[in-house]
There are 2 protein chains.
Amino acid sequence: MGQTTEPDFLSALSAADVRRLLAHAEERRFRGRETLFRQGEPIHGLFLIREGTVKVSQLGPDGNEVVMRLAGPGRVIAAVAAFAQPERFPVDAKALDNVATWFWPRPAARELARELPAFAAALTHEISCQTQGIQLRLRELATERVPQRLAHILLRLAEQAGVQDDGAVRIDIPLTKQDLAQMTGTTLFTVSRLLSEWAEKGLVEVGRARVALRSLEGMRRLAAPAQRERG
Amino acid sequence: MGQTTEPDFLSALSAADVRRLLAHAEERRFRGRETLFRQGEPIHGLFLIREGTVKVSQLGPDGNEVVMRLAGPGRVIAAVAAFAQPERFPVDAKALDNVATWFWPRPAARELARELPAFAAALTHEISCQTQGIQLRLRELATERVPQRLAHILLRLAEQAGVQDDGAVRIDIPLTKQDLAQMTGTTLFTVSRLLSEWAEKGLVEVGRARVALRSLEGMRRLAAPAQRERG
DNA sequence: CGAATATTTGATAGCGTTCAAGGTACGTGG
DNA sequence: CCACGTACCTTGAACGCTATCAAATATTCG
């Protein structure tokens, strides 16, 4: 989520560079609900997702949790690990389904970033896209109402992970109402209510940890800025 | 705001690198309310702020505006200009007071980033700090109530631009209630009401585009509590 | 001084959270 | 394969925070 459906991270690199990178990578797999790393832990390396989806969230002191982005195949997690600064993960990363990754321990990542400028450049690009995605979220959260925000989130998810399914676009990521709430900045109750309402109108289909958009048209109307009276 | 009061950008570089960089920089000055660049414009270069404060905000389609961060002396704006990607500014930058900057046209910045690895590294660091700051804001916006958020903002501003002033910490940036509202994710009315209330309790002093914290203690109490749950 | 900008305050309505109380799908072990 | 525990979901009711609108006031600056 957030960044506008970028091409696979590796596609920006030459075949030679890719070979070089993968030679130093270890494969790591995670099952749904497993943790890739926890907020506050020392940064030990970076991940490139090959399959599955990872929920990257930030935890608050009161135990609340806000999703920063969902990272799917071709996306990098903890890209900053390749550069100097942060000592510890500022966010939490959990697998939503079965996830396959390449992993580079931090020293190797640093080394490779120094030797392969294209790798460093691609990582920087990755980081800036994340920033933009989050800025967009911040603006939406600050200026839009819940229904509008939820509609935006769903449209973005459909673009990112939508699969055609019986005349609807199913979001191919298992997301609970709670997850959607943490992405939208609301409660699971409000999400449930809104989706029920939209389902009645035929705009969406919902199930347990499942959403499909039946009318992109209608969703876009809900996501559009609220109409103002003129006078 | 946002990033945790980082040291001056140039302090991470060697004297030789700094000399080299400044040799290619042009000085640019702006008066209060002047625009450094507009959202949507082609990115023409990057700025290092020497004096003054710049408001970096994102505009929405309905004309609403949300402040992403305030950048003061030692901070870089549009750091991405030194790297490949974005074609256009994703945000708007306006001077809040008189601002003095070094400016590097994009081609020069790219060239320098290639030649001076420490420069590229420092820019990357700058970008990651921004990201973290915005992530923090996003979490606060999603989970905290207006008073708590406003208190957080004020404390952060005090840390970033506070000057001792007659037993209070004055925030040395001209910020209207509107500005504060756009940082907090609320309306200028609510900001006005809250500050009036806090002023009566002796926690703050307010004036036209002026805020001073009289009790950091009290502000921290307002920023901390709320044992609510969500997530 | 006049114009533009910034602020205060009240009244009102409504969105969305909170709390409570079931209901429903899922997968795991017996 | 069934039963049971766990997670997930739905819906109602009520309240309170905050946006909204309106109008008057204050401050700054040219």
Side-chain angles (χ1 to χ4, degrees), chain A residues 31-34 55 62-66 94 96-98 140-151 173-200 204-212 222 225-231, chain B residues 31-33 55 60 62-66 94 96-98 141-151 173-200 204-211 222 225-231:
Chain A
R31 307 191 150 278
R33 288 151 183 263
E34 259 186 297
K55 180 173 81 167
D62 331 349
N64 46 34
E65 180 178 345
V66 175
K94 281 200 203 66
L96 284 175
D97 43 15
N98 289 337
E140 287 178 359
L141 190 54
T143 62
E144 296 176 354
R145 299 287 171 101
V146 172
Q148 202 178 346
R149 298 206 299 267
L150 182 57
I173 304 173
L175 291 168
T176 66
K177 304 286 178 286
Q178 175 77 286
D179 290 327
L180 290 172
Q182 290 171 348
M183 287 189 242
T184 311
T186 182
T187 63
L188 74 100
F189 307 102
T190 299
V191 169
S192 177
R193 265 184 257 275
L194 283 171
L195 289 183
S196 293
E197 181 187 327
W198 294 349
E200 267 184 26
V204 301
E205 284 170 18
V206 297
R208 184 190 170 99
R210 202 184 75 84
V211 188
L222 287 167
Q227 302 296 346
R228 279 260 165 165
E229 301 289 329
R230 314 191 318 162
Chain B
R31 307 194 151 275
R33 287 148 183 267
K55 179 173 79 166
D62 347 344
N64 46 34
E65 179 179 345
V66 175
K94 282 202 205 61
L96 284 175
D97 43 15
N98 289 337
L141 191 53
T143 62
E144 297 178 353
R145 298 290 167 109
V146 173
Q148 203 178 343
R149 298 207 299 268
L150 181 57
I173 304 173
L175 291 169
T176 66
K177 304 288 178 287
Q178 176 77 292
D179 290 327
L180 289 171
Q182 289 170 347
M183 287 188 242
T184 311
T186 182
T187 63
L188 73 103
F189 307 103
T190 299
V191 169
S192 177
R193 265 185 256 274
L194 283 170
L195 289 182
S196 294
E197 181 188 327
W198 294 349
E200 266 183 27
V204 301
E205 285 169 19
V206 298
R208 185 188 169 101
R210 202 184 75 84
V211 188
L222 287 167
Q227 54 283 27
R228 68 186 59 252
E229 299 249 346
R230 191 201 292 178

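Values below: every heavy atom of this structure, side chains too, minus hydrogens, waters and symmetry copies. Keep in mind it's a predicted model, so treat the numbers as computed, not measured. In what follows, chains carry the letters A, B, and so on, assigned in the order in which the sequence lines appear, proteins first and then strands, with residues in each chain numbered from 1.
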>> Contact list please: residues 186-196 of chain B against DNA chain D, heavy atoms, distance less than 4.0 Å, in numerical order.
In response: B/Thr186, B/Thr187, B/Phe189, B/Thr190, B/Arg193
Pick out the pairs of N or O atoms, protein on one side and nucleotides 23-26 of chain C on the other, that lie under 3.5 Å.
residue : atom : partner  : partner atom : Å
C/dA25  : N3   : A/Arg208 : NH1          : 3.3

Let me know the distance between [atom1] of [X] and [atom2] of [N], rounded to the nearest Å.
X        : N      : atom1 : atom2 : value
A/Glu144 : D/dT18 : CD    : P     : 19 Å
B/Gln178 : C/dA4  : CD    : C1'   : 15 Å
A/Gln182 : D/dC9  : CD    : P     : 12 Å
A/Asn64  : C/dT18 : CG    : P     : 10 Å
B/Leu175 : D/dT27 : CG    : P     : 19 Å
B/Leu141 : C/dT17 : CG    : P     : 12 Å
B/Arg33  : C/dT5  : CZ    : P     : 7 Å
A/Asp97  : C/dG27 : CG    : C1'   : 17 Å

>> Could you measure the distance from the CD atom of B/Gln178 to the CZ atom of B/Phe189? Nearest 0.5 Å is fine.
In response: 8.5 Å
> How far does CG of A/Leu222 sit from CG of A/Leu150, to the nearest 0.5 angstrom?
Replying inline: 9.0 Å
> Heavy atoms under 4.0 Å, any strand shown: does A/Pro174 hit a base, just sugar-phosphate, or nothing?
Replying inline: nothing
> With B/Arg31, which residues qualify under side chain to side chain contact (heavy atoms under 4.5 Å, CB included), at least two apart?
Replying inline: B/Glu34, B/Asn98
> Checking B/Ser196 side chain against B/Ser192 main chain: does a donor-acceptor pair fall under 3.5 Å?
Replying inline: yes
> Does a nitrogen or oxygen in the side chain of A/Arg145 sit under 4.0 Å from OP1 or OP2 of D/dT20?
Replying inline: yes
> Side-chain N or O of A/Lys177 less than 4.0 angstrom from OP1 or OP2 on D/dC9?
Replying inline: yes
>> Taking side-chain contact (heavy atoms from CB on, under 4.5 Å) as the criterion, tell me which of B/Arg210, B/Gln182, B/Met183 meets it with B/Leu175.
In response: B/Met183
